2 protein chains.
Amino acid sequence: MMKMNDVAKLANVSPATVSRVICHPELVSEETRSKVLEVINQVNYKPHIVARQFRTQKTRNILVVVPDITSAFFSKVLRGIEHVALKNGYQVILGDTENNIEREKDYVDLLLQKQVDGMILLTARQDKVRLEELSTQFPLVLACEYIDGLNVPTVSIDNVSSARKATEHLISLGHTKIAHISGSINVILSRDRLRGFKQAMMSQNLEVESSYIQEGDFKFESGYHQMMKLLALEVPPTAVFAFNDEMALGAIKAAKDSGVNVPNDLAVVGFDNIKMSSINEPSITTIDQPKYEIGKKAMEILLKLINNQELHNKKIVFKDELIVRGSTRKEIDVKETLEMV
Amino acid sequence: MMKMNDVAKLANVSPATVSRVICHPELVSEETRSKVLEVINQVNYKPHIVARQFRTQKTRNILVVVPDITSAFFSKVLRGIEHVALKNGYQVILGDTENNIEREKDYVDLLLQKQVDGMILLTARQDKVRLEELSTQFPLVLACEYIDGLNVPTVSIDNVSSARKATEHLISLGHTKIAHISGSINVILSRDRLRGFKQAMMSQNLEVESSYIQEGDFKFESGYHQMMKLLALEVPPTAVFAFNDEMALGAIKAAKDSGVNVPNDLAVVGFDNIKMSSINEPSITTIDQPKYEIGKKAMEILLKLINNQELHNKKIVFKDELIVRGSTRKEIDVKETLEMV
DNA sequence: CTGAAAGCGCTTACAG
DNA sequence: CTGAAAGCGCTTACAG
């Protein structure tokens, strides 16, 4: 395999000059440069990137830790990160934790071992103190998930108020028996959306019955099972707010399998506005998060941290939007217009 | 930041011994080892992995090039790869091409630049000669997609026969006016499934009308639009075989929006058996691919290539399975049993 | 079982 | 504008 030294010899220059042609061409005379480039092309020389990484102590890799790579939500966020990374010459290393906190911790070691220049966490379930310490030493950004009172750059929406908005929508339709299928309750996002739910209920003096709160695990199947439980109650709810669209999808399936009509017998609100929420029949009322933009912004902030640029704002809170669709709209338009790009 | 040399001094040994404690502990005496480990823990020393990569000329990174990270199909394949990689101490670097052939080519450079020890391509749309050459120099595996007559290890199903099977299912239901929504026709998979479709039609002496073949681009939206075109024909088809479930989902939505009942007026078959195909109403008849196993096997083969182990079989062809569901089953079970894990 | 020394392939501060 | 030289932090063949 051709090395820089070999190229240098062929071009009758020093390795330093070859390096400059590749990394700082403006420092080399036009003549030398084209001579060297010709040799590079001729022998198809590719610099040994690991050697460069080692020499410069920069990898141009960043790590993104995702709780679930198969989720439609996170893959959109990833896209945003990816685009900004690529445009700035960074590779994305993907760490999929599959919602396992130990694996989340393991990935952090990649930072300590200098395998990556920075890290974006889309899941923040580990020790707060450790993360805070880490972020004083390394470029680190949280996105989507966050930790209360943590002094680390964070990009997200306001989950409490979004959940409140979703619940208020159900209340405004006249529902009083409203249930919530939460996410895993050890995750802050789940607690925040649950809090928003309770706030909306309480401010209308509506009872929050404990059997109306069922803990899911973000997945379709748990949405299905928890909805089945809710429907089996002596007094089943007439409306349900699910932590995310995937569980809302499961809840709707459970209703159908139980002969319960959505939205007439049961109104359902989801969260995230994944593509399936508009495709499903009925389409699902949901909270739209700017997934791509969250990813984009998180990467932009990470770049600033890596380049030691000043951060004007440590917490970025994006706006979300309630999108009302068939799962809460009693007058169903059979020919609902297809929502597509 | 603590270096190996610092640890060595603190433990009163040479750096070589510290290195051995970390990489080959069996070569070090029990006493020395525990002394060194104590220091390592005390100062929380983490080896500089890039230095190690540089020294050993092995990165323990592998690259997976995916055509679309947001696809439910590919993320399952990724999981299989990931699990085997992790178990063997490899990190996965993700290259998302977004179906762009130039980006596919760019990712290949990571191999030439020695940033990764090997590569799994889930998309193979670039120059055959180049790939073949590459695979003689570097560990390289194709999975899902492949190239005809290419002498590179490949893991996939037999797409021609699967497509034939899917089409024969429609024929066996009495359909004669059968359409096909293909994938992008510059991709071999699309051509293979189209070929299987034609084979099934011709062997039954059924006409393959050119207007019955519509080229999509793998996405929901194109399934929708192409189905709309098919339904607008003077003699619309009574059945359609879509390249994948995502487009089948789009086709079904188009039928619904046009007041065409699935499966009574239009039977639909998809491909891949993504989760949504069982959730959708009607659930979708499809070809199940062993997604996770394909990923797993591809990574196992890559490991063999990396370790210079012998390969018994360059082409692995997995079995697929036709799963008959509501989109082709006229007697609809309202209480269809939910298929879940 | 342990240490001294070489070297992986680049980049860059320094000198000219 | 260009070159000689140092050095990034490890691992391993060699010697003892």
Side-chain angles (χ1 to χ4, degrees), chain A residues 1-40 43-61 89 91 109-117, chain B residues 1-40 43-61 89 109-117 138:
Chain A
M1 188 110 278
M2 193 67 56
K3 293 174 206 174
M4 187 172 275
N5 204 23
D6 304 322
V7 173
K9 277 181 190 151
L10 286 171
N12 272 318
V13 295
S14 72
T17 297
V18 177
S19 174
R20 284 192 201 100
V21 167
I22 294 169
C23 301
H24 309 286
E26 70 283 1
L27 297 179
V28 183
S29 77
E30 164 61 29
E31 197 192 338
T32 313
R33 200 192 318 153
S34 63
K35 186 172 62 178
V36 171
L37 283 175
E38 201 177 330
V39 174
I40 287 178
V43 303
N44 194 27
Y45 167 72
K46 300 283 176 189
H48 190 297
I49 300 297
V50 173
R52 175 189 293 168
Q53 291 173 345
F54 177 53
R55 171 58 229 237
T56 61
Q57 301 289 75
K58 302 255 172 280
T59 64
R60 296 231 140 215
N61 288 154
Q91 290 298 327
D109 278 346
L110 294 191
L111 253 189
L112 302 175
Q113 297 170 151
K114 310 269 201 173
Q115 281 200 77
V116 294
D117 295 347
Chain B
M1 189 108 280
M2 193 64 58
K3 292 175 207 174
M4 187 171 275
N5 204 24
D6 304 323
V7 174
K9 276 179 191 152
L10 287 170
N12 271 317
V13 295
S14 70
T17 296
V18 177
S19 174
R20 284 193 201 99
V21 167
I22 294 168
C23 302
H24 309 286
E26 71 284 1
L27 297 179
V28 183
S29 77
E30 164 62 30
E31 197 193 339
T32 314
R33 200 192 317 154
S34 63
K35 186 173 61 180
V36 172
L37 283 175
E38 200 177 330
V39 175
I40 287 178
V43 302
N44 194 26
Y45 166 72
K46 300 282 176 189
H48 190 298
I49 299 297
V50 174
R52 175 189 292 168
Q53 290 173 346
F54 177 55
R55 170 59 229 233
T56 60
Q57 301 289 74
K58 302 256 171 279
T59 64
R60 295 231 140 216
N61 287 154
D109 278 347
L110 295 191
L111 253 190
L112 302 175
Q113 297 170 152
K114 310 269 202 175
Q115 281 201 77
V116 294
D117 295 347
F138 300 98

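From a predicted model like this one, the values you see are computed outputs, not experimental measurements. Order of the sequence lines fixes the chain letters, A, B, ..., with proteins taken first and strands second; residue numbering starts at 1 for each chain.
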Send over the distance from [X] [atom1] to [N] [atom2], rounded to a whole Å.
| X | N | atom1 | atom2 | answer |
| --- | --- | --- | --- | --- |
| A/D117 | D/dC8 | CG | P | 19 Å |
| B/L27 | C/dG3 | CG | P | 13 Å |
| A/N5 | C/dC8 | CG | C1' | 13 Å |
| B/K35 | C/dT2 | NZ | C1' | 10 Å |
| B/K9 | C/dG3 | NZ | C1' | 15 Å |
| B/K58 | C/dG9 | NZ | P | 12 Å |

Sugar-phosphate only, base, or nothing, as touched by A/V13 at under 4.0 Å among non-hydrogen atoms: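 Counting heavy atoms under 4.0 Å across all strands, the contact made by A/V13 is with sugar-phosphate only.
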Do any side-chain nitrogens or oxygens of [X] fall under 4.0 Å of OP1 or OP2 in [N]?
| X | N | value |
| --- | --- | --- |
| A/R55 | C/dG9 | no |
| B/S29 | C/dC1 | no |
| A/T17 | D/dG3 | yes |
| B/Q57 | C/dG9 | yes |

Lys/Arg-Asp/Glu bridge criterion (N-O < 4.0 Å) met for B/E38, B/K35: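 Here B/E38 does not pair with B/K35 in a salt bridge, since their nearest N and O are not under 4.0 Å apart.
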Pair A/K46 + B/D109, salt bridge at N-O below 4.0 Å: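 A salt bridge links A/K46 with B/D109.
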Main-chain N/O of A/R60 paired with A/D117 side-chain donor or acceptor, under 3.5 Å: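 The answer is yes, because a donor-acceptor pair under 3.5 Å joins these two groups.
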